[in-house]
4 protein chains.
Amino acid sequence: MENKIKKIGVLTSGGDSPGMNAAIRAVVRTALYYDLEVVGIRRGYEGAVNGEFIEMDRKSVANIIQRGGTILKTARSKSFQTKEGRQKAYEQLKSKEIDALVVIGGDGTFTGATVFGEEFDLPIIGLPGTIDNDLFGTDFTIGYDTAINTAVDAVDKIRDTAESHDRVFIVEVMGRDSGLIALRSGIGVGAEAIMIPESKTGVEHLIHRLEVGRKDKSSKIIMVAEGDDAGGAFKLGDIIKEKFPHYDTRVSILGHIQRGGKPTCMDRVLASRLGVAAVEGLLEGRKAEMAGLIHGKIVFTPLDHAIKHNQEVNQSLLKIVEILSL
Amino acid sequence: MENKIKKIGVLTSGGDSPGMNAAIRAVVRTALYYDLEVVGIRRGYEGAVNGEFIEMDRKSVANIIQRGGTILKTARSKSFQTKEGRQKAYEQLKSKEIDALVVIGGDGTFTGATVFGEEFDLPIIGLPGTIDNDLFGTDFTIGYDTAINTAVDAVDKIRDTAESHDRVFIVEVMGRDSGLIALRSGIGVGAEAIMIPESKTGVEHLIHRLEVGRKDKSSKIIMVAEGDDAGGAFKLGDIIKEKFPHYDTRVSILGHIQRGGKPTCMDRVLASRLGVAAVEGLLEGRKAEMAGLIHGKIVFTPLDHAIKHNQEVNQSLLKIVEILSL
Amino acid sequence: MENKIKKIGVLTSGGDSPGMNAAIRAVVRTALYYDLEVVGIRRGYEGAVNGEFIEMDRKSVANIIQRGGTILKTARSKSFQTKEGRQKAYEQLKSKEIDALVVIGGDGTFTGATVFGEEFDLPIIGLPGTIDNDLFGTDFTIGYDTAINTAVDAVDKIRDTAESHDRVFIVEVMGRDSGLIALRSGIGVGAEAIMIPESKTGVEHLIHRLEVGRKDKSSKIIMVAEGDDAGGAFKLGDIIKEKFPHYDTRVSILGHIQRGGKPTCMDRVLASRLGVAAVEGLLEGRKAEMAGLIHGKIVFTPLDHAIKHNQEVNQSLLKIVEILSL
Amino acid sequence: MENKIKKIGVLTSGGDSPGMNAAIRAVVRTALYYDLEVVGIRRGYEGAVNGEFIEMDRKSVANIIQRGGTILKTARSKSFQTKEGRQKAYEQLKSKEIDALVVIGGDGTFTGATVFGEEFDLPIIGLPGTIDNDLFGTDFTIGYDTAINTAVDAVDKIRDTAESHDRVFIVEVMGRDSGLIALRSGIGVGAEAIMIPESKTGVEHLIHRLEVGRKDKSSKIIMVAEGDDAGGAFKLGDIIKEKFPHYDTRVSILGHIQRGGKPTCMDRVLASRLGVAAVEGLLEGRKAEMAGLIHGKIVFTPLDHAIKHNQEVNQSLLKIVEILSL
């Protein structure tokens, strides 16, 4: 079965994440190493539908391991959500003689891949490329480590100004459904409190902590995940301003800087390992699975499993915030 | 006259800027070099009013040249805006035998210093510590170089994601009255357009440029100064979304990260030179002047002159954006 | 048993590593959280011998989570290697009523702790603070993640100049007995070859790879661990220059920059978790053990076990270099 | 005269420096703005001799403003040093209908340009692209600001470890004939002493300063320019080790990292302004001149003048080291 694959297509889809280029590089070079041909598909599934293909060789991926973003670009595709669109995409792939796909992305990417792979019996391996770290089947997603370091670097700067002015800063980081960026970057900056959707710790608890906290500690950082049920940083800011009018309270939304930038070493290594695994997985006859890294070992998880089971929040990490921030 | 000064006070006031610590270090060590005593005043003029003094020696400023923020902290002082408050501050200084001040800050700081110095015949030298670069009498203010590099680093990251998604990003940087951060950082990131208060180039011109621009260039960065008369990034975003609905337009407000962070080499060198100059200026009998660097040379400018004459925007820089961004 | 501990001493010893300050902060604040007193011991075991103690409170460790180095300083101690020295250290601790220690360091630190703890029946918990990642009982040591990112950042810069000049660069990173820094940072920079002590892959293999490598790829990065049996970067450089005189070959020793710098988010989180665990471990009655993190969980390993069993090199990582670098 | 130029060639030559890509981008886009054609010449003069030409359009220089190195590559050319080589280069240019050149580099680049321009009456404008800042006719060369920031970042890391261990570090930075990198980066890191070729301050003075220096300040950074007459960092290290055996003295050679990396904002702006000026200068009929920036204004200096007059070392900067480092 395995030796039936001669040509692999690779695409990135959904929100970009740092390390996607390192993953593309690994997929391309591994394919070439195993004497397969490899084609880059631009702009995700939309490019598949429209036949935006580029031949890839070793040189196409030279000197990209350190670049943020994705050289293949990414896009949302409405047409791929229709049966007609997927049909068209399949025909484009066939006309190009592509017999297998590696798709790099998150939730939406894998949902599309599951349907597409089933409909046309096409072997597809997914790689977890998202800053949110919200997939099951891998300890870390490609881009998460970079995103938390970007957040930490930004908040270190904000801490400078918070300290100088004795200010309270409410900093919102990305994570609509997941507080994992807020959690680790919050510990990393020594945040006084962390507000995430996964934790019942609500506004009352925060207010209580601010009330009993050290009186001599006048600058404070409160990290909030975008999707926290307190309603984001601005709402939280209003509550705190009302409750603690003597504080000089400011809000900062870190925003899109969290998606970009040079990937960290860990993200590059992770992307490289998973890129190798994706191609080797296809050669072993795998399909509709995500390659992940669990406890230092490559693990394959069914795509529909990877997206349905969010990572649980490590409760011991929440405890650490309580202990260290007082 | 000169040898009458025996003890110098140093404070930081207004918004903090990277390099303030390097300036404090230079003031302290220069004072000690010339056998003066030196006292740190915490939290700006407010600390002067309240007598928040710290003795400074060489060790107090060890290992701070690279730190953002200000170890002396900064604050707004309402009481210092009253005659009574200033009287109290003067008495605090006298009781501590401080005969001269170095004040590090911007506009508001120098306004206060001018009044205070006149009222009590106290020699005061100002150092330009603000990220805005909006003072007359120095080519660059302490913190400006760091702020534009912080902005450039952030927008480089945003560019990664803009490129990956073919997006238009409207990025707002600091500068309520001055577009100098937007201007240089905008050139630095290769922005497609720069909107600043000093330029008549309005929204129409921007729309025109977007209309005639390269059709194959789908990602765009538009830099906006906080104080631009178009009303900031969100308003501009709405206009562009309406006019160009096919663009995927996003807004990003860089915010307070621009104030913090390790100062650049240039800011450290500038702060060091001006800190030396401030103390030497006091010893030469100067008062109510700002020490600045113009064309590589130390220049003293009356404080009230420094704040009344904003830096002109270099028109040739605006021209460069037109040429290079198309 | 647990409630016998009333006062903890904390010290850093051996080569400094980024994240040591985050670990100190966590130890101090966790001790205070559990109503213990905590004393900082300066300059490692030498400070214990000499009684260089500092009372620590919450404020002593404010704003240090992001700082490289160690605020407690570190040193080699000859006297602590003698029975008399250790006796003196024990008396100093007793006179200060310190009943337990947390020691942060590597091999040498733990060897000392094992002997000292046995001789005087003193509960000691070790934290793995070393950039080398060469301890058994933890997936990663505190400082390793920062060190590989520092190496990657440096080699990214070298790659710029290598690409511009079509040069071969032999870059030496730290690791006298361990190639783990070279291995991951080498993958991270996309090195063409990685030379480490743990791998039999010798100079012949390297020469072979350079001979069969892509002819159109003229710039190359070869990562060498300090302790590689080929004799380091300079020797390797001489061999390559002789064998491939047409290459423009350069050598770069990254050196001490690898020890310093702001810790990464992962190192800060790791240090925070292990610092909490160390104190909680002492309270549970543990002694002569190292707190580590394996597969995301806190694990305690006997100190003498931690130092005798080096981490094995992940062979799959070496394979990845072969696949991706061609 | 001006309108005779229809097609411009651009090349980079000599050691690469950060900002060269920003300069290439500016030259290309300015040429296109003025309806000229523009050709990239790869690998400096060697590529001119061999006819390694690439057509450049707006897209060729998209997204390079932030990249270190040079996309056109650089090389030494022996053949261009011969009359025959230059003849061949001229014929290559003529066959491609290139009527003018912009050459980006330093000393050697301008020497070649002077001879070549005279021999064949070819208009050539030089841009100062070198990290050394050793050209006359511009306040700063393209790459200098980045190089001093790279040095400062590296030494900040070394300072962490120096502080932790109470060590003396002798750090060697680039600058064979010029101490300008050592001077500004030395002030930037708060070095205890700076050794540069331009200063008579020799080893005796250094030893004297170390002898009289603060006894409580045990960590020290001594910055040495590569070309200092004390013979570089290793020699100096030996002298200090002999004279002060109680110091824990280490040597660090920063090496090639100083050439690479993302250019700073100032280097990007400088490169952009000078790139525009170069093309406009050619259109005004200039030849054999370097475009530089003096006191914020574009200035043209004859190429042979730019290389014969080194920048003087600002004596006031040396004085600052004396005052601040004690």
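Below, read A as the first sequence line, B as the second, and so on, with proteins coming before strands; counting in each chain starts at 1. Atoms considered below: every heavy atom in the structure, side chains included; atoms not considered: hydrogens, waters and symmetry mates.
Looking only at distances, no side-chain donor or acceptor of B/S164 sits under 3.5 Å from a matching main-chain atom of A/T74.
Residues A/R167 and B/H256 have side chains in contact (heavy-atom distance under 4.5 Å, counting atoms from C-beta outward). With a 4.5 Å cut-off on side-chain heavy atoms, B/I253 and A/I253 do not count as touching.
Looking at A/D166, the atoms closer than 4.5 Å to chain B (heavy atoms on both sides) all sit in the side chain, from C-beta outward. Residue A/D16 touches chain B through both its backbone and its side chain, counting heavy-atom pairs closer than 4.5 Å. Contact annotation for B/T150: only side-chain heavy atoms (C-beta onward) come within less than 4.5 Å of a heavy atom of chain A. Heavy atoms of B/R42 lying under 4.5 Å from chain A are absent altogether.
In terms of non-hydrogen atom pairs under 4.5 Å with chain A, the most contact-rich of B/A162, B/G261, B/G15 is B/G261.
Annotation for B/K235: atom NZ does not count as buried by contact number, only 12 or fewer foreign heavy atoms lying within 6.0 Å.
Between the CD atom in A/E163 and the OG1 atom in B/T70 there is a gap of 11.0 Å [rounded to 0.5 Å]. Rounding to the nearest 0.5 angstrom, the gap separating the CG atom in B/L254 from the CG atom in A/L254 is 10.5 Å. Atom CG of B/D153 is separated from atom NZ of A/K262 by 11.0 Å, given to the nearest 0.5 angstrom.
For the pair A/R259 and B/D160, the salt-bridge criterion is not met [side-chain N within less than 4.0 Å of a carboxylate O].
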